[in-house]
Each structure stands twice: as C-alpha cells, then as structure tokens.
Amino acid sequence: MTSDTLDSLVADLTSGAIRIVDLTQTLSPETAPIVLPPEAGQCWPFRLEQISRYDERGPAWYWNNFSCGEHTGTHFDAPIHWVSGRDLPNNTTDTVPPQHLIGPACVIDCSGRVATNPDFLLTVDYVMDWEREHGRILPRSWLLMRSDWSKRSDPCAYQNIDEEGPHTPGPDVEVIRFLIEERDIIGFGSEAIGTDAGQGAHLRPPYPCHYYMHGSGRYGLQCLTNLELLPPRGSVIICPPLKIRNGSGSPLRVLALVPRLT
Ligand code: MN
C-alpha cells in the first residue's frame with residue numbers, strides 16, 4: 001500500500017521543494033534558565049558532564065550525562081504544567097496525543113513593535129490586522145509569535161531582568177481567549193523564555209497564556225528561533241516532547257516544513 005501524499009512529500013523533501021527549518025536553540029551551559037522569585041522553587045540549568053571520550057574511561061566511544069529542568073532551552077509545555085490543566089486527560093508529555101504534535105503554523109511578526117518595547121503585548125487587533133492580510137487562522141493551528149527575541153545571544157539580555165522582574169513580550173489576556181475560543185488554536189509559541197510576557201504576573205489572571213491554554217488542553221513552545229525564515233502561513237511544524245512519564249514539559253527539537261516559493 002502506498003500513499004500519494006507521502007510519496008509526493010518525500011519527493012518534495014528530496015528535491016528541496018519543501019525545506020526543513022530548524023526552530024531550535026542549541027542547548028548548552030550558557031542556555032538562560034527561567035529564574036523565579038527567590039521564594040519559589042528553581043529549575044536546574046543545563047549541565048553536561050563527560051562520561052568518556054575515546055580515553056581510558058571508554059577507548060572507542062564518546063558520551064555525556066546531562067541534567068536540566070524540563071523547561072530549559074527550546075521546550076514544550078504540556079497542559080499539566082499549569083494548575084488550570086492539572087486534571088485534564090492526556091495532559092502529560094507521555095500522554096499528549098501524537099497527532100497534536102504535527103500541525104500548521106501561523107507566524108505573526110511582532111518584531112518591529114518588540115524592538116522599541118520589550119514588554120509588547122500581542123492584542124486581538126494586531127491578530128485581526130494579520131488576518132486581513134493573510135487570511136483567517138485555521139482551527140488547530142499553532143500560533144507562533146515572531147519577536148526576533150532569539151537574536152539576543154547574551155543570556156542576560158535574553159532574560160532581560162531588572163528590579164521589576166523580567167521584561168519580555170507575550171500575548172495579552174483577551175487575545176489568548178480569542179485565539180482559543182474564536183480560532184481554536186492548538187498551541188502558542190514564542191521566541192522568548194516563556195509563552196507569557198515577562199510582566200505577565202501582573203495580568204489578570206496572572207500568566208494568562210499558561211492559564212487559558214493549558215486549562216483548555218493546549219500547548220506551549222518557548223525559546224523558538226528562526227521564525228523569520230517561515231512564511232506567515234503555509235508551514236507545518238513537528239514538535240514532539242520527550243516521553244517523560246507524568247512530565248510537565250521537555251526540551252525538544254522543533255522542525256518546520258516550509259514550501260519553497262517559486
Ligand atoms: Mn515552559
């Protein structure tokens with residue numbers, strides 16, 4: 001049995017008619033960890049420890065141990081990550097339905113606004129303007145917020161913390177409800193360290209993207225990069241997290257299939 005669809009996909013991948021764009025940041029000890037207020041628990045930063053490298057510890061092989069929090073570097077948020085999603089079915093990294101992990105992406109370019117305002121909040125009006133130009137967001141799409149935030153290679157600039165806490169862009173309360181209730185998106189992705197804005201604790205509810213997205217069984221992707229290489233619509237992303245039992249999220253590789261425009 002063969003599938004014409006898969007045959008043509010393979011042919012297009014081979015010919016380059018569809019190219020693969022890597023939306024993943026490289027994990028390293030320099031990867032900026034999420035920092036919470038000191039009274040909260042903290043996640044481990046990424047650590048790499050060599051086991052052997054063609055030496056007396058292992059003459060023919062090289063390998064490492066690594067450790068990090070689930071929410072480190074480019075990573076996936078499962079619904080159980082937030083208290084609003086704690087009792088949903090299939091809410092963990094090992095039970096998320098695989099068909100939810102490949103899907104179409106809409107990319108909303110906010111980079112111009114973020115360049116002058118790191119606290120920029122995506123609004124319904126901004127999304128409606130995008131739709132007037134590019135068409136309505138299809139149900140079960142991923143919404144990826146392009147901000148060019150991932151161009152900040154210095155970890156401190158990437159975290160962008162001052163005495164008020166972190167300053168990074170994200171969605172406002174109304175747009176998240178709109179994207180769920182009116183557009184039925186399956187996930188929200190960001191180039192910044194969280195799907196919510198750095199100052200999202202001051203919104204009501206606090207961290208609305210986490211609260212509403214995970215409370216309705218949807219997903220998050222953070223620390224994406226290369227979003228400027230994607231068209232506003234027409235790409236497909238592949239984003240399976242590690243299959244950690246009862247996991248709340250995990251680092252992952254996010255790939256996008258992008259049609260080459262002729
Ligand atoms: Mn996370």
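Both counts, for ligands and for their atoms, begin at 1 and track the order of listing.
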### Query
Distance-only, no hydrogens or angles: does the Trp130 side chain make a donor-acceptor pair with backbone N or O of Arg136 under 3.5 Å?
no
#### Entry: His71: its N/O/S atom lying closest to the Mn ion (ligand 1) (atom name)
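Nearest N/O/S atom of His71: ND1.
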### Task
Would you mind listing every salt bridge (charged side-chain N to carboxylate O under 4.0 Å, His left out) that reaches into residues 160-172, with sequence neighbours excluded?
none
### Query
With the Mn ion (ligand 1) at the apex, how many degrees lie between OE1 of Gln222 and NE2 of His75, rounded to 10 degrees?
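If I round to 10°, I get 90°.
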### Message
Taking backbone and side chain together, does His81 place any N/O/S atom at a distance below 2.8 Å from the Mn ion (ligand 1)?
### Response
no
### Query
Do you see an N/O/S atom of Asp77, backbone or side chain, under 2.8 Å from the Mn ion (ligand 1)?
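Checking Asp77: at least one N, O or S atom is under 2.8 Å.
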#### Entry: Any residue meeting ring pair (Phe, Tyr, Trp, His ring centres under 6.0 Å) with Trp82, in chain and number order, not counting sequence neighbours
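Partners of Trp82 by the ring pair (Phe, Tyr, Trp, His ring centres under 6.0 Å) criterion, ordered by chain and then number, come out as Tyr207, His210.
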### Message
So that I know where these two stand, are Phe120 and Tyr126 an aromatic pair - ring centroids less than 6.0 Å apart?
### Response
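For Phe120 and Tyr126, the ring centres are under 6.0 Å apart.
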